[in-house]
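Below is one structure, written out as structure tokens, with a few remarks after it.
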Amino acid sequence: MNTNKIIEKAKESYDRYFKDAPVFPENHEQDVVCNTEEIEKIIEKKKAQLDGHVENLNALKKEIEVTATDKLNTLNLRKLLL
């Protein structure tokens, strides 16, 4: 996988994580009513989603490391052959 594809996957993962972030009212003096049970459910869902997000980013990091190592090895081999 090329670097641009890896970066695109990381962006997609980030966007999925933050796509349903709550929007606060424009009027900052407006009271905000919170349902604590609903908030707890959202927090648990976000924790699980974050774990998946981190796993995805770690997999992408590993791909970047493998790609970088392969390129360095190729460069070193070329230097040896010259």
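All of these numbers come straight from a predicted model, not from anything done at the bench. FYI, side chains are in, hydrogens and waters are out, and symmetry mates aren't considered; it's all heavy atoms of this structure.
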- Task: Given side chain to side chain contact (heavy atoms under 4.5 Å, CB included), test Asp70 with Val66 step by step and report yes or no.
- Result: CA-CA 6 Å; Asp70 289 347; Val66 167; 3.7 Å; yes
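Under the 4.5 angstrom side-chain criterion for Ile, Leu, Val, Met, Phe, Trp and Tyr, Leu72 has no cluster partners at all. Grouped with Leu81 in one hydrophobic cluster are Leu77, the linkage being side-chain heavy-atom contacts under 4.5 Å among Ile, Leu, Val, Met, Phe, Trp and Tyr residues. Applying the under-4.5 Å side-chain rule to Ile, Leu, Val, Met, Phe, Trp and Tyr, the cluster around Ile39 extends to Ile43.
Sorted by first then second residue, the ring pair (Phe, Tyr, Trp, His ring centres under 6.0 Å) pairs that include residues 60-82, not counting sequence neighbours, number zero. Among pairs with a residue in residues 61-82, none fulfils ring pair (Phe, Tyr, Trp, His ring centres under 6.0 Å), at least two apart in sequence or across chains. Residues in residues 56-82 take part in no ring pair (Phe, Tyr, Trp, His ring centres under 6.0 Å) pair, two or more places apart or across chains. Every pair tested for ring pair (Phe, Tyr, Trp, His ring centres under 6.0 Å) that includes a residue from residues 62-82 fails, sequence neighbours excluded, so the list is empty.
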Distance-only check: which donor-acceptor pairs under 3.5 Å involve side-chain atoms of residues 53-61, not counting sequence neighbours?
from: His53; atom 1: ND1; to: Ser13; atom 2: O; distance (Å): 3.4
from: His53; atom 1: ND1; to: Ser13; atom 2: OG; distance (Å): 2.5
from: Asn56; atom 1: ND2; to: Ser13; atom 2: OG; distance (Å): 3.2
from: Asn58; atom 1: ND2; to: Val54; atom 2: O; distance (Å): 3.4

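By the side-chain contact (heavy atoms from CB on, under 4.5 Å) test, Lys46 is found to be paired with Tyr17, Asp20, Ile42, Gln49, residues two or more places apart in sequence or in another chain being considered. Qualifying salt bridge (Lys or Arg N to Asp or Glu O under 4.0 Å) partners for Lys71, counting only residues two or more places apart in sequence or in other chains: none. Under the rule for a side-chain contact (heavy atoms from CB on, under 4.5 Å), the partners of Asn35 that lie at least two apart in sequence or sit in another chain are Glu37, Glu38. A search for salt bridge (Lys or Arg N to Asp or Glu O under 4.0 Å) contacts involving Lys47 returns Glu44, not counting sequence neighbours.
Between the NZ atom of Lys41 and the OG1 atom of Thr36 there is a distance of 10.5 Å, given to the nearest 0.5 Å. Here the NZ-CD distance, from Lys45 to Glu40, works out to 16.0 Å after rounding to the nearest 0.5 Å.
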